[in-house]
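Below is one structure, written out as structure tokens; comments come after it.
Worth knowing before you read on, the calculation uses all heavy atoms, side chains too, and leaves out hydrogens, waters and symmetry mates.
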Amino acid sequence: MTSSEVFLYNLTLQPYTVINAAVLGHFTGKPKCQEIAISRHTVLELWTINPNTQKLKQLCSQEVFGKIRTIIPFRLTGGTKDHLIIGTDAGTITVLDYNVQTNRFEVSQQQEFGRTGLRRFIPGQYLATDPKGRSAMIAGVEKQKFVYIFNRDSNTNLVMSSPLEAHKGASFCFDCVGVDVGYENPVFATIEQSYPTDMDSIEIEDKLLVFYELDLGLNHVVRKWTDPVHPTANKLISIPGGGGSDGPGGVLVCAEGLITYKNEGHDDLTVAIPRRVNPLENSARSSTVDRGLLIVASAVHRMKNAFFILLQNEDGDLYKVTIEHVDGVITELKIKYFDTIPTSASLCILRSGFLFSASEFGHHNFYQFENLGDETETQEYTSKNYEDENITYFQPHELSCLALIDVIESTNPIIESKVLNLAEEETPQIYSLCGRGAQSALKILRHGLEVSELAASELPGNPRAVWTVKGNSPSSSSQEENTYIVVSFLDATLVLLVGGEEVEEVTDSGLITDTPTICVHELGDDSIVQIMASSVRHIKRDGRINEWKPPQNREIVAACANRMQIVVALNRGELIYFELDPSVDALREWGERARTGSEVSSLAIMDVPVGRLRAPFVAVGGQDQTVRILSLQPESCLQPQGMQALTDLPESLVLVEMGSAISNTSKHGSGATDDDSDEVGDNSSATTLYLYIGLHNGLLQRSIVDNITGVLSDTRTRFLGTKPVKLFQTTVHNQQQKGVLALSSRPWLSHMFRSRNRLIPLSYDYLDYAASFSSDQCPEGLVAISENTLRVLTIDNVDVSLNQASIPLRHTPRRIALNEDTKNFVIIETDHATFSQHDLKEKLIKDVGVSEEDAEQCILPPEQFGHVRAQSGQWASCIRVLNPFTGESTQIIDLEENEAAFSLDIITLSTPYSEDVENQESEENNAANGHSGNEKAMDVDGQDKIASYVVVGTGRNVTLKPRTCTEAYIHIYRWVKAQKAEPSADEEAEEESSSEVYELELVHKTQIEQIPQAIVSFNGHLMVGFGQTIRVYQMGRKKLLRKAQAQIPEVTQIVSLKISSSSGDRIMISDVKGSVFYATYRPASTTQKIHVFADDPIPRHITSSVQLDNDTIAVGDKFGNFSILRLPELVSKELANDITGNRVLHAKPKLNGTAFKLQDSVNFHVGDIITSMHKVSLAASGRDVILFTTLLGSIQVAIPFVSKTDVEFFQTLEMHLRGIENISVCGRDHQAFRSIYGPIKRCVDGNLCEQFLSLPYEQQSNIAAELDRSIPEVHKKIEDMRTMFAF
């Protein structure tokens, strides 16, 4: 395929980490078990609490292929399970039901009511349900509202009525809730504001609280009651009601600085929202925000005969609101400061005493209630003491009512990123700027699972192997806890007893310690078997020992065991099979001995399947580079069933049953079920028997073993490292699923992940040997050997693909650049309407009159409480030099006088040292603002010095609307060695070994007309884009010297510049609103001008771009579209042959633009704003892909196809998947979703293709038949697109 016919495969590496909404419910139907349903833009997830660790765990994650606007749970009267209603951009209302067997949300009811897209008059922005589960209201931002009635049919299935209209023309809706009225007619409350239809009218209508009543008898909706509310009212909170002690009903109306209780037939009660103590508010020259606080999130928690409400304002402060009521009449409304946590999009209070906070930015936190705020000394304010314009204050404190238990990591929002391999690992790292304000961080994302080291201890030598043995010793409180850790050395065996938090050596375990051990395993009768080269010892629970020894001059070279069976291999290729006889409590040799024909290098036996007496197969690896599957059935004991030839010696083997990638039992599945499993959504009903083979050359092979015939099929191969691969069986997901740990030059884990078998590395050092481990302190972990140390490890989260390491920042990061020589990052950070710490301290001293010491005490820690808000136009900004290896900031330069940084780059400039530099600088001072055609040529002569500089574009007193500034500058910094203090005698050795520290030194700054938004290196010079202007500068001694300039009237605001690396004179200009322009520069001695010769006929609001080649650029716009634009091949050749440049100068413009037009080669709707794009290679020896990050935290890649066969295969697969009913549970047509702003073109949706892995077996079989492939072949094609080019 030619470059002009590029075809891409879009794939998600990290899904969205933002949480738009989170709700509580009993979605699984399990008694006394609450789950949290989470919407992540286009993904729906279900989480619950792990009862063992009291942490959150994910049950399911489901792609919706539509944008989720809101979600809400409801339960039919008399039901035991909650349903979930979602409002999306599909123009439908959808009721979902969670299916425990398939581990998916399935459509229960769905009705279409409007057009697709995020339109203000199409309902879906607001959802409200009747507390008794009888009806629901779905509303839009403007005009339209529908009410649906829920009921049951004759089969007790949920049914939904036709929509009942509750429209109100020429009005906006600000919020919508269901009012608790018991079993009376359902009532819904909204905040509405009408607007004049006459455009000449300037009269503003009052905001109203409106009650809509659904008359169940007459089957229609009426406006029952209206009441004026505060003009700033923004949120409604439904109060429990229904009569008796449950509550008074009604709603709380939240506005700026106050909360009002309203209900029909009841007097209003109002209480002021307390705000933090801020000395600047009372100063004469206060520049802080003077408006009140808004409530952004709330949660109502019901207790026995009581309830309370938790509110959160936009600063993150939590308030506890309680209501005193008697016989349904409220007597007092109370509010009290509770705690401070990051600002949330949703709050959920669980009955088990936990609080889940879905943060707007950054990580999502899971807290446990320490107390309900009654023990704190914070003042409580009531409605009885409320007066108009009364402002109340509180002093914030550290967390006292809540304790952080768990964190769901998030990269939302990703503002900028770099893909680099600074750590020199197999895959590059993604360095992303994330967060906002004081919650910002530089996050280093690595492919792999994060591993925590719980303990490490040195051993007396280098061990060869380690095992863990389960038993019922006095120190063990559970059948699943390990009693012994057995470590084998070259000439001895060490036995360690695990007792609570201590591990000690024992000698009375019955295990022989003066000889090395080959295998240790527990048997089904709570006994232990120890296999050595000279014997097999069966140690019973009562201490009796039976021992079997091989024949004379023979020794055991390999062994494997499960709880009922043992297979040992003697030298000369002889196999002996033992089976535990429960009747005599002894091992019994079974059948005749078998010979393999070659020396045995490794053995593996699977666990005994549930409901069976024995495992059916054993795998034998031989020195003849083969692996054989032998039967262990009584009628065909040790008879060969299957064989596979290898490319090298088999180092180790594992036979393991794992969840099948096929939802229902297939021909490869064993069909075994685990009746004891309480795990929801573990898909244990369908399993497949896998044979893992670790080869001496670093390859890992995985084959499927037919559970009846033992035939091997569907072999997959993966290179893991340069060392031989050692394999070990382990458990994941709270010991509910099996996995395989593979150790080579780095550790890897293979396990079932979202219906596919995933192989992922562990972010940890090299390990020699490992075994599963379980104790009170570590319910699910590993005990491993690394050289001469014994380590206890745990894998923190197996449901992710990237692990994070965070380096906190001070303000919102804007840009990042890398110094290739020192490997230091330079980051600019800028916050609007915020005081910097330095400015805040000076204002306290100057305006309030406090001392410097008191001013420092008045400033709250911004890490928890954020920065102090200021009025619009106030900026806080700094330039940071950061060491990514240590996480240390070696230098922070604060910008003063309200100056803010907006652009950054590290570029190489040629510094002239000729005698006429001063003359050029004087000419620059007198030059006109237009083209500077009389300046010297831009070719770098031999006298120029090449140096690396940090260039920062800033603006002073910047306003956002209109976007203006009083002054704008280009700062030039150079790298200098930091001046260190004299080291002490104790620190001299450390100082000598540490690397040199570099800092920035200001060379000069040059004033320009507007804020520079784009900075790039151009042939040893500096090219800057600001407004409609492109300007080229040369480095001067006192300032930058202007060399060339171009005005582009078609451009609104230049956001980025790309220089062709091949030609060096082609410039790709990205505009904030006008898409992409191609320009060229010819360094002629008489005319130094930049000419625009090509543009895009389609206007695009460009947010990021990356150059692919001399003619092609990939761009992302603010509407979530990914596109590739290309200059036509004929035009490119014509321009390349035009040496004089006259073709560009005299070409006739077309369509009110340039003479040549760019072609749209690829178009694909991603669904989110693309913030950065990179052309990189993610896999070893893999081809380049386009990696891009989005604002809401996702990381995706676009992989180019190289063969037409692959394109046709995946296009056909995508076509069949689109035709499956409910592939999108929201009712959105997939092709329409990916073509919202333009038809999808030359791009296959990899996320849709991977849905094939989770389909039922019948549907997979039908689609595979249409593709003329088998199911395993389709699986392999899908998985190879991820593993070969990404991860």
Side-chain angles (χ1 to χ4, degrees), residues 814-815 817 826 828-830 832 836 839 873-879 893-907 909-912 917-936 938 947 949-960 962-974 1000-1018 1020-1048 1051-1057 1088 1090:
R814 304 291 178 171
R815 294 290 183 269
V826 180
I828 57 173
E829 307 168 30
T830 303
H832 180 235
S836 66
D839 291 343
Q874 180 71 37
W875 295 84
S877 185
C878 68
I879 304 171
I893 303 173
D894 290 309
L895 300 182
E896 301 177 353
E897 299 180 2
N898 204 26
E899 189 174 8
F902 293 94
S903 56
L904 165 74
D905 202 359
I906 298 179
I907 63 177
L909 296 176
S910 58
T911 307
V917 169
E918 295 182 0
N919 296 331
Q920 293 185 40
E921 291 182 350
S922 63
E923 291 177 3
E924 169 67 21
N925 294 331
N926 299 325
N929 293 330
H931 304 293
S932 52
N934 59 346
E935 296 172 353
K936 76 171 189 177
M938 294 180 61
Y949 295 91
V950 176
V951 184
V952 180
T954 66
R956 182 169 293 169
N957 301 320
V958 179
T959 59
L960 297 178
R963 195 172 183 85
T964 60
C965 65
T966 58
E967 299 171 4
Y969 296 95
I970 300 175
H971 294 244
I972 305 294
Y973 295 90
R974 64 184 170 204
L1000 298 179
E1001 180 182 71
L1002 181 65
V1003 179
H1004 53 65
K1005 63 180 183 178
T1006 304
Q1007 186 172 355
I1008 59 175
E1009 296 86 339
Q1010 298 182 41
I1011 301 172
Q1013 296 287 352
I1015 297 173
V1016 69
S1017 178
F1018 182 67
H1021 295 73
L1022 173 66
M1023 179 176 286
V1024 179
F1026 56 91
Q1028 298 177 325
T1029 305
I1030 295 179
R1031 187 174 294 168
V1032 179
Y1033 286 97
Q1034 184 182 10
M1035 186 65 179
R1037 293 181 179 176
K1038 297 181 180 179
K1039 60 187 298 186
L1040 295 173
L1041 307 178
R1042 204 181 322 177
K1043 305 304 295 181
Q1045 178 174 304
Q1047 291 287 128
I1048 309 176
V1051 169
T1052 303
Q1053 171 65 60
I1054 297 173
V1055 293
S1056 72
L1057 298 170
Q1088 297 190 30
I1090 300 171

Nearest heavy-atom approach of Ala817 to Leu904 is N-CD2, 3.9 Å

Residue pair Gln1013, Ile1054: steps toward the side chain to side chain contact (heavy atoms under 4.5 Å, CB included) verdict = CA-CA 7 Å; Gln1013 296 287 352; Ile1054 297 173; 5.9 Å; no

Which pair of non-hydrogen atoms, one from Gly1027 and one from Val1051, has the smallest distance, and what is that distance?
-> O-CG1, 3.8 Å

Between Tyr969 and His971, what is the ring plane arrangement, given parallel below 30°, perpendicular above 60°, and tilted in between?
-> perpendicular

Find out whether Met1035 and Leu1040 are in side-chain contact, i.e. whether some heavy atom of one side chain is under 4.5 Å from a heavy atom of the other.
-> yes

Interatomic distance, CD@Glu1001 vs CD1@Ile972, rounded to 0.5 Å, equals 13.5 Å

How about Arg1031 and Glu1009: do any of their side-chain heavy atoms sit closer than 4.5 Å?
-> yes

Under 4.5 Å between any side-chain heavy atoms of Tyr973 and Ile879, yes or no?
-> yes

Could you walk me through whether Ile1008 and Tyr1033 pass the side chain to side chain contact (heavy atoms under 4.5 Å, CB included) check?
-> CA-CA 11 Å; Ile1008 59 175; Tyr1033 286 97; 3.2 Å; yes

So do the side chains of Gln874 and Asn898 get within less than 4.5 Å of each other, counting heavy atoms only?
-> yes

Side chains of Cys965 and Gln1010 in contact at under 4.5 Å (non-hydrogen atoms) = no

Which of these, Thr954, Val952, Ile1011, sits in a side-chain contact (heavy atoms from CB on, under 4.5 Å) with Phe902?
-> Ile1011

